[in-house]
**Q** 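The structure that follows is given in the form of structure tokens.
Residue numbers begin at 1 in each chain, while the letters A, B, ... track the order of the sequences.
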Amino acid sequence: MKITTWNINSVRLRMPIVAQFLKEHAPDAICLQETKCRNAEFPYSDFRALGYEHFAINGQKGYHGVAIVSKQPMELLETRDFCEKGDARHVSVGFANGGTPLTIHNFYVPAGGDEPDREINPKFAHKLDFLDEMAEWIQRDRVTDGRVILVGDLNIAPLEQDVWSHKALLQVVSHTPIEVEKLGRVIDAGRWIDTMRRFVPKEEKLYTWWSYRASDWEKSDRGRRLDHIWASEALSETLEQMHVLREARNWTRPSDHVPVTISLAI
DNA sequence: ATGTCAGGAAGATCCTGA
């Protein structure tokens with residue numbers, strides 16, 4: 001089974017390159033973030049035309065929004081409202097998978113604004129609170145019991161080689177010590193496997209996002225690993241392959257994030 | 001590296017968010 005995560009930065013605007021990706025890579029399920037449309041506006045028919053006929057959508061007008069689209073039938077399990085703000089930042093589904101069920105959680109963690117100080121920046125406070133609530137929920141609800149995948153734009157690049165310069169980004173939201181610590185607690189709460197780093201050693205650079213603001217993103221290569229795929233321990237022996245589709249950053253009218261795909265022997 | 005994108009409301013440009 002092949003699962004992709006991709007922050008698409010408007011699913012309606014990006015549908016041509018989503019179609020290109022699905023035709024070329026054919027994952028079983030694709031998890032999208034920043035769909036930026038209401039559920040009724042989701043481009044269902046475009047996906048159906050490509051053989052993806054099952055949907056779990058949590059959208060809202062203009063901002064945020066997550067979706068899981070699948071070839072195989074799946075059950076919508078939940079759309080959790082972290083921090084009780086009414087934001088569309090989570091959706092989960094269950095696949096029957098022939099008697100050994102698989103759950104997928106798809107997240108869009110708050111970006112956190114510019115100033116890494118919770119006292120003066122409510123967006124940063126929201127991000128930190130969101131992470132605390134994720135950790136509590138994972139532990140309390142035993143979220144990682146069984147076969148579970150958590151994907152999404154977590155808006156944090158935790159390791160030194162997850163950013164182009166550890167030193168330059170220590171005070172930049174996405175790589176500050178407090179964010180990294182809180183993301184670590186989320187991981188510990190579920191004993192999650194950071195699957196991307198199973199395949200790429202932590203000493204090697206690994207990015208999934210490059211700013212739109214660079215004049216030449218490829219030349220400067222000032223990326224960050226903001227997108228993640230985590231797996232519960234029960235999936236440890238099934239992890240076959242991982243791929244970051246860097247070339248998608250050069251596609252026509254690209255997202256600033258690229259697709260990340262995990263292949264499981266299930 | 002404050003640069004580039006997106007959506008929305010308004011109105012043919014601005015704003016907010018990232």
**Q** Please classify the nucleic acid contact of A:Ser211 as base, sugar-phosphate, or nothing, using heavy-atom distances under 4.0 Å.
**A**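 Nothing, no nucleic acid heavy atom in range.
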**Q** Please pick, from B:dA18, B:dC5, B:dG8, the nucleotide with the shortest atom-to-atom distance to any side-chain atom of A:Arg14.
**A**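 Shortest atom-to-atom distance from the side chain points to B:dC5.
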**Q** Whole angstroms only, please: what is the CG-C1' distance between A:Asp153 and B:dA18?
**A**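 Those two atoms, CG and C1', are 10 Å apart.
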**Q** Evaluate A:Thr100 against A:Arg147 for side chain to side chain contact (heavy atoms under 4.5 Å, CB included), listing each step before the verdict.
**A** CA-CA 8 Å; A:Thr100 46; A:Arg147 294 181 158 190; 3.6 Å; yes
**Q** Does a distance-only test, which skips hydrogens and angles, find a donor-acceptor pair under 3.5 Å between the side chain of A:Arg253 and the base of B:dA6?
**A**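 Check fails, no donor-acceptor contact within cut-off.
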**Q** Rounded to whole Å, how long is the line connecting atom CD of A:Gln33 with atom C1' of B:dA18?
**A**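 Result: 14 Å.
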**Q** Atom CD of A:Glu41 to atom C1' of B:dG8: distance rounded to whole Å?
**A**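 From A:Glu41 CD to B:dG8 C1': 12 Å.
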**Q** Taking atom P in both B:dA12 and B:dG17, what distance in whole Å separates the two?
**A**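 Nearest-Å result for B:dA12 against B:dG17 at atom P: 22 Å.
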**Q** Strictly below 4.0 Å, N to O, side chains only: are A:Asp162 and A:Arg224 in salt-bridge contact?
**A**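 No.
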**Q** Could you check how far CG of A:Leu13 sits from P of B:dG8, rounded to whole Å?
**A**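 So the CG-P distance, A:Leu13 to B:dG8, works out to 11 Å.
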**Q** Starting at atom CG of A:Asp114, determine the distance to atom P of B:dA18, rounded to an integer number of angstrom.
**A**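 Rounded to whole Å, this separation is 10 Å.
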**Q** Please work out if A:His64 contacts a base, only the sugar-phosphate, or nothing of the nucleic acid, heavy-atom cut-off 4.0 Å.
**A**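 Result for A:His64 = sugar-phosphate.
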**Q** When you match A:Asn7 and A:Thr35 each to their closest nucleotide on DNA chain B, which lands nearer the 5' end?
**A**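 Whichever sits nearer the 5' end wins; that is A:Thr35.
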**Q** Nearest-Å distance, CH2 (A:Trp209) to P (B:dC5)?
**A**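 Atom-to-atom, A:Trp209 to B:dC5, this comes out as 13 Å.
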**Q** Do A:Arg222 and A:Trp164 form a cation-pi contact, if we require the NZ or CZ to be under 6.0 Å from the six-membered ring centre and within 45 degrees of the ring's axis?
**A**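 Pair A:Arg222/A:Trp164 counts as cation-pi.
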**Q** Classify the nucleic acid contact of A:Arg38 as base, sugar-phosphate or nothing, counting any heavy atom under 4.0 Å across all strands shown.
**A**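 A:Arg38: no heavy atom of the nucleic acid under 4.0 Å.
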**Q** For B:dG7, does either OP1 or OP2 sit under 4.0 Å from a side-chain N or O belonging to A:Lys61?
**A**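 For B:dG7, OP1/OP2 do not have a side-chain N/O of A:Lys61 under 4.0 Å.
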**Q** Once you round it to whole Å, what is the distance between C1' of B:dA18 and CZ of A:Arg89?
**A**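 Distance check: A:Arg89 CZ to B:dA18 C1' gives 11 Å.
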**Q** Considering only atom P, compute the distance from B:dA10 to B:dT4 and round it to an integer number of Å.
**A**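 The same atom, P, in both gives a distance of 28 Å.
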**Q** Does B:dA18 have its OP1 or OP2 closer than 4.0 Å to a side-chain nitrogen or oxygen of A:Arg213?
**A**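 No, no such contact exists.
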**Q** Measuring only the P atom in each nucleotide, how far is B:dT16 from B:dG11? A whole number of Å is fine.
**A**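 The answer is 15 Å between these two P atoms.
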**Q** Considering heavy-atom distances to DNA chain B, does A:Ala111 or A:Tyr212 have its closest nucleotide positioned more toward the 5' end?
**A**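 Of the two residues, A:Tyr212 wins.
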**Q** Taking all non-hydrogen atoms of both residues into account, name the closest pair between A:Ile193 and A:Glu233 and its distance.
**A**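 Shortest heavy-atom separation between A:Ile193 and A:Glu233 comes out as CD1-CA, 4.0 Å.
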**Q** Using only heavy-atom distances, determine whether the side chains of A:Asn9 and A:Lys36 contain a donor-acceptor pair under 3.5 Å.
**A**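 Yes, because at least one side-chain N or O of A:Asn9 sits under 3.5 Å from a partner of the opposite role on A:Lys36.
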**Q** Between A:Gln60 (CD) and B:dG8 (C1'), how many Å, whole number?
**A**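 Between C1' of B:dG8 and CD of A:Gln60: 13 Å.
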**Q** A:Asn250 and A:Trp217: side chain to side chain donor-acceptor pair (under 3.5 Å), yes or no, with the steps?
**A** CA-CA 9 Å; A:Asn250 272 337; A:Trp217 74 273; 2.8 Å; yes
**Q** Between B:dA6 and A:Ser10, is there an OP1 or OP2 to side-chain N/O distance shorter than 4.0 Å?
**A**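 Negative; the distance criterion is not met.
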